[in-house]
Amino acid sequence: MKKYIRTERANLFEPDVYISMVVKITGDVSKEAMRQAVERAYEANEATMSEIVLTEQGDAYYEKRRNSGCRTFIENKPWMELLWQSEKEAFHLKDGELVRVFLTEEDEKLVLFIHAHHLVGDGKSVLILLKDIVNALDGQRLTYKPMKLIERDFLQKKARLEAGMKPLLRRVNRKWKKTGRSFGWEDYYAVHKKYWLEHTSQICVQTYDINKIKAQCPKGITVNSYMITFLLRDYPTGKTVGIPVSIREEDGGMSNQTSGIVVKAKYNRKRSFEENLRTVHKRIYREIRSRNKKYFVLLFMEYLCPSLTDAVLLQTHGCYQNKLSEKMARIMGYMGEGGRDLGVTNLNQIDIPDKYSNFSIESIQFIPPSVSYTTNVIGISTFQDVLTVTRKMDGN
């Protein structure tokens, strides 16, 4: 059965929507043994055994393959150089290349660098793949996991668009069918090439003791709210924060199961940190508790013509021009003043053991995907007692 790309359609033509993990491993492990474990993990997930089909009519869907198109490389370069190398080469989605894994060394440690396209899944999905890799390396049996996508029936049970939004989107779609067109792989490669001729990622990492942070959180306030307030304090001009929100429900497969909320919050330097923290926490959970706001972005994308979504991304990066797609790019925040000042993705506590029969995981660093409507992109994750904050910046 074809699994159509709709709610996650913006990821198709977004040129820097890559999720990365840097995993440092100590113990008696060879690169070849790790390579074999990675290949086993690919075979255990429908997402990494699929390719993307893009039709002339503008539809896009996942199609299962006999063999995985995801690749594994044994290298002798620092992982940051591998990141720069990989981000310059577009993922060959039509050939099933949704993930690249690089195996290298650093300070006598084996480094597993996972570079994944967002269409293989969200951050939690990359952790599912990582868990399969280390379990395979440990000699454990893996279970095949189907890919479950978010569909309209599911969304309609959760929330609804505001009155008048559906008719408006129908009018927009009709106008697009008269003035627009569908896009192909040549457009996909063109936007990637143009973007990466002008950009290079730079990564800044800071680590904190999670127990100390928890001790500083007032009762009822989450670590996530604390860290977002902490980050807002570093961005005095920041007024809006985009926050991905997991909507997974008892599903252990790789796929995109993330919505998002927007929180309007500017750090007030005339008030104490705790006063700012309580305000930020209250605003975050007000958005999350509102189902219509929590699921809005997914519902909006479900009803918007997929090829118009493609046009918005191409318009944003100077690879296409159309009055309607430009207008929609501004409405959606890709162009103009409607973007997010700060985007914070928090994977929370990573539920992967650190010790195995003949090796241990020393650290896991999460590098978040970038999106064109967000200026400052930050990833947060916690492994064992270490909370890691990764800022992804443009080096150009």
Side-chain angles (χ1 to χ4, degrees), residues 14-27 29-42 48 68-93 95-121 123 125-127 129-134 136-137 189 192-193 195-207 254 345 347 350 352 359 361-370 377-379 381 383 388-396:
E14 180 71 83
D16 187 17
V17 68
Y18 305 140
I19 303 170
S20 300
M21 298 282 176
V22 183
V23 186
K24 295 183 179 180
I25 295 176
T26 60
V29 178
S30 69
K31 290 181 181 178
E32 177 56 26
M34 179 64 83
R35 185 195 66 77
Q36 294 179 21
V38 172
E39 297 297 325
R40 283 185 57 197
Y42 287 157
T48 45
S68 176
C70 300
R71 295 193 287 170
T72 312
F73 304 87
I74 294 178
E75 297 278 0
N76 292 304
K77 300 177 183 178
W79 69 263
M80 183 66 79
E81 290 187 19
L82 296 172
L83 169 63
W84 295 334
Q85 171 185 312
S86 187
E87 66 186 9
K88 300 293 184 182
E89 179 188 355
F91 278 82
H92 303 294
L93 305 177
D95 299 320
E97 189 195 32
L98 279 78
V99 178
R100 296 175 189 143
V101 171
F102 299 87
L103 309 176
T104 188
E105 293 180 6
E106 183 178 303
D107 300 328
E108 298 183 352
K109 302 180 184 70
L110 179 63
V111 177
L112 175 72
F113 175 58
I114 302 174
H115 199 213
H117 196 285
H118 210 335
L119 284 176
V120 83
S125 295
V126 180
L127 289 177
L129 179 66
L130 173 59
K131 184 179 291 187
D132 277 347
I133 292 171
V134 294
L137 186 63
Y189 286 107
H192 182 277
K193 181 179 180 180
Y195 180 87
W196 288 108
L197 282 173
E198 303 168 354
H199 299 81
T200 300
S201 295
Q202 293 293 337
I203 307 298
C204 177
V205 182
Q206 294 172 293
T207 58
M254 295 178 67
T345 303
L347 294 185
I350 295 176
I352 297 178
F359 67 92
I361 300 177
E362 181 182 271
S363 63
I364 301 174
Q365 178 188 335
F366 161 60
I367 303 173
S370 297
V377 180
I378 296 173
S381 61
F383 182 66
T388 302
V389 176
T390 304
R391 289 175 167 87
K392 186 176 181 182
M393 300 168 288
D394 183 8
N396 287 7

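Nothing fancy with the numbering, it's 1 onward along the sequence. Computed from a predicted model, the values in this text were never measured in an experiment.
Atom CD of Q202 is separated from atom CH2 of W84 by 5.0 Å, given to the nearest 0.5 angstrom. Within the model, atoms CZ of R100 and SG of C70 stand 10.0 Å from one another, a figure rounded to the nearest 0.5 Å. The distance from the CG atom of L82 to the CZ atom of F73 is 10.0 Å, given to the nearest 0.5 Å. Expressed to the nearest 0.5 Å, how far CG of L103 lies from CG of L112 amounts to 6.0 Å. S363 contributes atom OG, which lies 8.0 Å from atom CZ of F383 (distance to the nearest 0.5 angstrom). Taking SG from C204 and NZ from K392, the interatomic distance works out to 14.5 Å, rounded to the nearest 0.5 Å.
Listed for the T104 side chain is a donor-acceptor partner under 3.5 Å among the backbone atoms of K77. The backbone N or O of I367 sits nowhere less than 3.5 Å from a side-chain atom of T390 that would complete a donor-acceptor pair.
For Q36, the side chain to side chain donor-acceptor pair (under 3.5 Å) partners at least two apart in sequence or on another chain are E32. For E362, there are no side chain to side chain donor-acceptor pair (under 3.5 Å) partners two or more places apart in sequence or in a different chain. Applying the salt bridge (Lys or Arg N to Asp or Glu O under 4.0 Å) criterion to K24, with sequence neighbours excluded, gives E106.
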**OP:** Apply ring pair (Phe, Tyr, Trp, His ring centres under 6.0 Å) to the pair F91 and H192, showing each step before the final yes or no.
**Re:** CA-CA 9 Å; F91 278 82; H192 182 277; 8.3 Å; no

**OP:** Evaluate side chain to side chain contact (heavy atoms under 4.5 Å, CB included) for E75 paired with E81, printing each intermediate quantity in order.
**Re:** CA-CA 11 Å; E75 297 278 0; E81 290 187 19; over 6 Å; no

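The closest side-chain heavy-atom distance from V22 to M80 is not below 4.5 Å. A 4.5 Å side-chain heavy-atom check between R35 and V101 finds every atom pair outside the cut-off.
Nearest heavy atom pair, residue D132 against residue A41, reads CB-CB, 3.7 Å. In this structure, S370 and E14 approach most closely via the heavy-atom pair O-CG, 4.0 Å.
Ring centroid separation for the pair H117 and Y18 comes in under the 6.0 Å cut-off.
In summary, of the residues considered (I364, L347, V389), a side chain to side chain contact (heavy atoms under 4.5 Å, CB included) with S381 occurs for L347 alone.
A salt bridge links E89 with R71; the closest basic N to acidic carboxylate O contact falls under 4.0 Å.
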